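What you are looking at is a predicted structure, and each value in this text was computed from that prediction instead of being measured.
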Amino acid sequence: MRLSLSKRSRYDEFVAANGDGLVKLAYTICGDRGRAEDAVQEALVRVYQRWSRLTDPLAYARRTAINATRADWRRLMRADRAYREAARLASTDTDGPQERFLTNRALIDALKELPHGQRAVIVLRYGCQLSEAETAATLEITTGTVKSQTARALARMRETLTPPKPAPYELESA
Amino acid sequence: MTPLEDNDLIARLQSAIAERQSDISAPEGIGDAARRAAHRRTATRAVGASVPVLAAAGVATVLAISSGPGSPAAGRPSARGSGGSANPAPAVSLGAVKIEDTADILKRVQARVAGDIHNGTVFHAYIYFDSHVSSDGSLVSSGPMSGQSWQYTAPDGALYTRNTRNNRDGSPTGVIGIDVLGPVVNGRQSETQTIINAANHTYSRMRTQGYASGPSSGLGLQSSPSQVQRALRSGHVTQKGRTTVHGTPAIALSLPDRRGQYILYVDARTGQPLRTVSTTRGNPSPPYVTDWVPATRENIAKAEDDSIPAGYKKVDIRPPARRRSLSRRPVPRQS
């Protein structure tokens with residue numbers, strides 16, 4: 001499967017124009033640069049293979065890169081969650097809630113806590129500055145779903161960013 | 001605190017995302033690499049998967065193998081016949097470089113990682129405060145570990161992970177994180193997360209349940225059979241040197257990794273992976289080491305142990321608002 005020179009040239013132009021944006025998108029979603037690069041490379045492989053048939057290669061590449069981060073994301077969340085919790089508890093960080101709330105790190109941490117689908121919507125809407133319609137087209141979902149996912153994600157982030165009350169609570173038994 | 005309005009949150013979020021992305025760019029040549037990978041996949045499908053060694057010799061450039069300059073492989077007796085290769089690869093010359101040894105080793109490694117080794121392996125991942133890989137492939141460490149994880153996938157699919165961290169002086173921080181991801185049953189999966197804090201003699205345990213996205217295949221420890229398989233398929237593999245891992249003679253293979261350096265240590269006789277060491281380019285952190293150890297009762301216990309020491313008090317480490325979303329029952333306050 002080889003592209004003609006003109007198509008290959010257009011593919012090269014596509015990578016030059018969009019490669020950075022795709023890696024930024026994948027990186028913001030998965031939080032790991034290496035895995036983001038892997039996801040984007042996988043997306044570009046598929047774009048290359050389907051170049052002649054794609055009407056919107058960028059939307060396809062974004063969707064493929066996002067999907068490629070999904071499996072890794074679940075796996076990493078599982079493996080790292082306990083480690084991160086342990087690190088957080090062991091930390092001597094004494095920032096007050098207000099201070100933590102205002103930092104970009106806290107926002108990114110809250111973003112990381114979102115389910116993968118909601119996070120993809122948020123990053124496309126507010127990281128890539130896509131409209132609701134463009135986000136819907138990229139993810140092959142309806143604009144209604146984009147709206148509801150956005151609202152849920154923002155509500156969840158607000159909840160996460162709200163500092164806990166000091167009184168300890170007990171969980172139900174596992 | 002003033003409630004956060006949507007517009008304010010969105011503005012802050014845009015700023016945070018922009019800052020996070022500011023120094024991120026696509027690695028040079030990612031488009032070419034993708035194009036080559038696309039060609040390789042097409043070629044692999046056409047040729048079939050039965051001729052890896054010829055492909056390695058450059059016929060289809062599926063796997064390009066070389067013994068690097070100064071490699072200990074040069075001039076050494078062949079590893080063929082000493083292990084599990086039933087059909088030793090023919091000697092293939094690539095220019096002046098004889099690649100028989102590496103090809104044989106890779107065949108054994110590929111056979112090992114292709115098998116169902118999850119159930120027979122416990123993964124022990126750790127980071128030293130200070131360590132590096134010497135030029136002959138040996139891992140040189142000094143001082144204590146900063147943290148370690150034990151991970152095991154049980155025959156029923158349950159995934160156990162136990163994490164601990166140390167202080168600079170080598171003493172444990174006293175905080176242990178244990179994560180148990182249950183097997184998939186009717187498409188659903190449960191997860192139990194336990195945090196034990198020896199500093200204040202407390203623990204928390206939280207159980208959640210949801211729909212599984214797929215079979216649990218990965219380990220998230222920067223080391224897994226699938227990751228090694230992917231690396232072996234993707235490009236140049238070179239022998240870095242010979243060393244020992246836990247007393248077993250081992251060969252260090254340098255695997256392709258865009259992020260930095262990825263070294264796989266395999267049993268010199270059988271090809272069984274023994275250890276991976278990964279470093280990230282531009283990251284000053286010491287290497288991330290993962291040992292593949294047999295799933296003995298003792299090693300499994302290091303991953304599975306989620307027992308709570310006697311006298312520890314149960315607490316909730318989650319903000320109340322988030323906790324409420326996990327449980328619909330009213331939760332009593334602690335007195």
Original post:
Which bit of B:Gln14 is near chain A, if near means a heavy-atom gap under 4.5 Å: side chain, backbone, both or neither?
Top reply: both

Original post:
How would you list, by chain and number, every residue that makes a salt bridge (Lys or Arg N to Asp or Glu O under 4.0 Å) with B:Asp32, sequence neighbours excluded?
Top reply: B:Arg35

**OP:** Mind checking salt bridge (Lys or Arg N to Asp or Glu O under 4.0 Å) for B:Glu28 and listing every partner two or more places apart, or none if nothing turns up?
**Re:** none

Original post:
Is it the backbone or the side chain of A:Leu22 that comes under 4.5 Å from a heavy atom of chain B, or both, or neither?
Top reply: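 No part of it gets close to chain B.
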
**OP:** Can you tell which part of A:Val15 gets under 4.5 Å to a heavy atom of chain B, answering side chain, backbone, both or neither?
**Re:**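 For A:Val15, the contact with chain B is made by the side chain alone.
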
Subject >> B:Thr194 and B:Arg205: side chain donor to acceptor below 3.5 Å >> reply: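 B:Arg205 and B:Thr194 do have a side-chain donor-acceptor pair below 3.5 Å.
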
Original post:
Is the side chain of A:Lys24 donor-acceptor paired with the backbone N or O of B:Gln21 at a distance under 3.5 Å, no angle test?
Top reply: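 Side chain of A:Lys24 to backbone of B:Gln21: a pair is present.
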
Original post:
Hey, which of B:Ile17, B:Ile24, B:Ile10, B:Leu13 has the most heavy atom pairs under 4.5 Å with chain A?
Top reply: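 Sorted descending by pairs with chain A, the first entry is B:Ile24.
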
